[in-house]
> 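Here you go, one structure.
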2 protein chains.
Amino acid sequence: MGIERDQVVRTALRLLDENGLEKLSLRRLAGELGVQAPALYWHVPSKRALLDHMTDVIVAPLVPELAGPSDPAAWPDWLRRTAGLLHEALLAHRDGGAVALGAGLHRAVALGAVAERIVEVLHEAAGLDLADASRGAGTVLQLVIGRTVEEQALTDVTPEALAEVRSRFPSMAAALALRQGPDDDAASFRFAVDLLVEGLRAVAPPDRAD
Amino acid sequence: MGIERDQVVRTALRLLDENGLEKLSLRRLAGELGVQAPALYWHVPSKRALLDHMTDVIVAPLVPELAGPSDPAAWPDWLRRTAGLLHEALLAHRDGGAVALGAGLHRAVALGAVAERIVEVLHEAAGLDLADASRGAGTVLQLVIGRTVEEQALTDVTPEALAEVRSRFPSMAAALALRQGPDDDAASFRFAVDLLVEGLRAVAPPDRAD
DNA sequence: ACCTGAACACCGTTCAAGT
DNA sequence: ACCTGAACACCGTTCAAGT
């Protein structure tokens, strides 16, 4: 009796949390499972596929939360909440953003379900045509995942690099001084999501509730 | 008389255009320059630094175009134009988006200058406080670079993967059908930038010109 | 059905030594 | 100042062969 794909994916997720994405190799993963690296290719066709399935597990907690807004006019709040939930799910795993970046939605089905739901809500509740609804949904996912990647990566910004940026670019230096403190990541995430939601409100057809 | 850093960076850019980012290794680059791989470490401290300098060259065409809007009230048009110019500059090199993704602004100085200018315009012309101006600028860069990465990467989406997405997610399937055609990338880019610009207008203090 | 052994074709980086 | 030789410590992936 050998290993199963689900076990492979969950072990990979544990190694990710312990050592980060750049230490997650198929050889290490195989070692952890007590097999040789090529054995993994029976369970998974490539490393990218493994990362896609890991993304599926990472984003799975969102799926029960995807019911649309009870009141269609409340779609902006629903979208903010959904973006926040995705952000949290990605932050819950070390390098979760980087794993999800570029994931194929055919394998990261939970992420696909999030995308699908956002398209529906932007189409049906916000009143965008389907093409723009899907563009909007893509932009939301890209922004949430992209911001999470930066948040989880900024360990490796050296103080010297920061000092150089500061000395070259005075407005950014002043801005960085204002953005000290542990809540800045959360505030910046909220700000970015708000920009998008307000932008979507601006391009959406006017609602009777306005 | 040996090689110079500028020569290293420009040769790297040529190899990038010819073979793409995943084939750009320090060994190949060294071979192209007629030296051994470790020789590159005299000119550049790491591969990431090389990519940062490549980003600097890629984004350099923007620098002469960075004068702010003549009329402060015209900042939304200025921002759309600047985003478009950055997009074009990144598209001008194979995998240009991926190279710029995560570049350090202390070495990719031209990209730093773009960021700095956007912060200034959002602060002085749009009237955002400095913290939000820098958050807004960061969001713009992230969106432009992120969309360019996706645009330049979508060669490797297999038809089978697409078919699976289509069969699982009906709204996305319908949306994809509407988004056929060669202009969709440009339209989607414009849509995403518009979302952000409209969002910024919404959070900016009202202007006398409104 | 599930895995191993052995190999292919590579990586980025370090560092003593050479000129 | 600029580069080589040799090595360290790895990678993802393929494929014939084994059980």
> A/Gln36 side chain: which of D/dT4, D/dA1, C/dG5 is closest?
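From the listed options, C/dG5 comes nearest.
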> Please report, rounded to the nearest Å, how far the C1' atom of C/dC2 is from the CD atom of A/Glu4.
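Distance, rounded to whole Å: 12 Å.
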> Do the side chains of B/Glu32 and B/Arg14 get close enough for a salt bridge, i.e. N-O under 4.0 angstrom?
yes
> Measure CZ/B/Arg5 against P/D/dC2 and give the value in whole Å, please.
13 Å
> For a quick check under 3.5 Å, do B/Glu160 and A/His106 share a side-chain donor-acceptor pair by atom type?
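No donor-acceptor contact under 3.5 Å links the two side chains.
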> With a sphere of 6.0 Å drawn around CZ of A/Arg48, does it hold more than 12 non-hydrogen atoms of other residues, nucleotides or ligands?
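Check passes, neighbour count above 12.
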> Hey, could you give me each pair passing salt bridge (charged side-chain N to carboxylate O under 4.0 Å, His left out) that has a residue in residues 94-111 of chain A? Not counting sequence neighbours.
A/Asp52-A/Arg107
> Tell me whether the side-chain N/O atoms of B/His43 come closer than 4.0 Å to OP1 or OP2 in D/dA1.
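Answer is no, no contact under 4.0 Å.
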> Among A/Val99, A/Leu40, A/Thr55, A/Leu26, which residue meets the side-chain contact (heavy atoms from CB on, under 4.5 Å) test with A/Leu50?
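The passing option is A/Leu26.
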> When the P atoms of D/dA9 and C/dC10 are considered, how many whole Å apart are they?
23 Å
> Just to be sure I follow the notation: if a pair is Watson-Crick (purine N1 to pyrimidine N3 plus N6-O4 or O6-N4) or a G-U wobble (N1-O2 and O6-N3), each under 3.5 Å, what dot-bracket string does DNA chain C give, with | for pairs to another strand?
||.|||||...|||||.||
> Output one letter per nucleotide in nucleotides 6-19 of chain D: B when a protein non-hydrogen atom lies under 4.0 Å from the base, S when only the sugar-phosphate is that close, - when neither is.
B----BBBBB----
> Grab the CG-C1' distance between A/Leu40 and C/dT4 for me, whole Å please.
12 Å
> Any donor-acceptor pair under 3.5 Å linking the side chain of A/Gln152 with the backbone of A/Gly96?
yes
> Distance check, rounded to the nearest 0.5 Å: A/Leu21 atom CG versus A/His93 atom NE2?
13.5 Å
> So, B/Arg201 and A/Glu198, do they make that salt bridge, N to O below 4.0 Å?
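No, this pair does not count.
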